[in-house]
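These notes are about the structure you will find just below.
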Amino acid sequence: MENKPEEPITPDHIIFNAIAQGDLVEFKSILAQHKGNVDFFDENGMTALQHAAYKGSKEMVQLLLDRGADVISGKHEYNYTALHFGALSGNSEVCKLLLDAGAKPMTTNSVGRTASQMAAFVGNHHTVATINNYVPLSEISFYSVPQGQQTEPYLPPFLVEPLHKFVLCVNIHPVRLALNLQHTPALLDNADKVSNVLEMLCKREMTRGSDTNEVMAFKYHYLAYVIREINNIRDKQKPNADKEDKKHDIVEMFAKKLLKPGKDGVSLDLMDSFLKDCVREFPYRECTTFHQMVTSLTSKDPPPALSIINCTINGQRGFVDAIPYCSTCGEEKPAKKCSKCKSVQYCDRECQRLHWFVHKKACNRESSVPNNTSNSKPIVDAAELTSELQNLVAG
Ligand SMILES: [Zn+2]
Ligand SMILES: [Zn+2]
């Protein structure tokens, strides 16, 4: 969008230029000088917020929202909303900001496509999952107010935000959920209340009439199931163990259980049966989502239960991406690699540490070279693991 020389230069032109060029300094200075409404329109009826969303600029989107930019309306000729543009940009955080500000995920453009469908169309899978997994904070805070004769709410108010964040997670790998819980211990300390509220949310999703959301209902059930399991491990621990040590141990015990390879040395049999039990315990057995999962799980040569659940919650990918995953928690595009064999990737040292009991044999095999016996020691001692962890290099 270049200014034609004969056109007068207005704040609108300058702000659209600043957005197009990603010039945050200029953008901030225009906003600071302009005291009025920030819903500027360009010649195509696109607002400044829509441009900033399309550009995938989290800062600009946040600044415009802080100034009261309208997240819903617009005059775009094909009825694209700010969320449609955010979805096209592939910036999930921008979409999250717009959703928090009240963007409606089900709004369609003039060809009947929602924002998440547009994101899928251009292959922004993480954004698809972010939008489809979105739940307004009010859904959770509903349970933090006493209802009817209650003197105490189902959910203590201080748990509303941590639970909201936990529910919005896109990576639903059980070890990632355990790590998330480790970082928000309040949820685990109140595991009974939290899993109870999650089951109530599940029921609520199934009883919304035409707005019933089976997928979200299953996700709530799944999260409740994982929290209960981690809490069971915690209950079985010695009561006199040091509190910090305990938290550390719970994730480790949980990870060791789920990541332990089966007889073939590759497939995760325990993970599979853990997750199959979760599907089996889903109380709404008449619904399509349940039937689809059971059909996949009982098919000949079934895919791992984790990928079936992941597809159910986050949607089928249009094509198989060669995206690297963290070997421990399934996070996409992890930052680190095993420095020794370079064949596995991890988010960080914690993920590498949790996976070492599985990886150490393969690592020694892959990195061993003739005449170098030190690399093929069958057992890796603690000192070696420490140095291995220190050698973690950026991927
Ligand atoms: Zn990880
Ligand atoms: Zn290795």
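Below, all heavy atoms of this structure are taken into account, side chains as well, without hydrogens, waters or symmetry copies. Order of listing sets the numbers, starting from 1, for every ligand and every atom in it. Residue numbers run from 1 in the order of the sequence given.
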| said: Under 6.0 Å from the ring centre and within 45 degrees of the ring axis: does the NZ or CZ of Arg204 meet both conditions for the six-membered ring of Tyr220? | reply: no
| Where do Pro303 and Ser296 come nearest, in terms of heavy atoms and distance? | CD-O, 4.1 Å
| query | Is the His76 to Phe85 ring centre distance short of 6.0 Å? | reply | yes
What donor-acceptor contacts under 3.5 angstrom involve side-chain atoms of residues 278-288, with partners at least two apart or in another chain?
from	atom 1	to	atom 2	distance (Å)
Arg280	NH1	Asp277	OD1	2.6
Arg285	NH2	Arg280	O	2.4

| Count of N, O or S atoms belonging to protein, less than 2.8 Å from the Zn ion (ligand 1) | 4
| In degrees, rounded to 10 degrees, what angle do His359 atom NE2 and Cys363 atom SG make at the Zn ion (ligand 2)? | 110°
| query | Quick one: side chain to side chain donor-acceptor pair (under 3.5 Å) pairs with a partner in residues 103-120, sequence neighbours left out? | reply | Thr114-Gln117, Ser116-Asn132
| message | Among residues at least two apart in sequence or on other chains, which ones pass salt bridge (charged side-chain N to carboxylate O under 4.0 Å, His left out) with Glu93? | response | Lys58
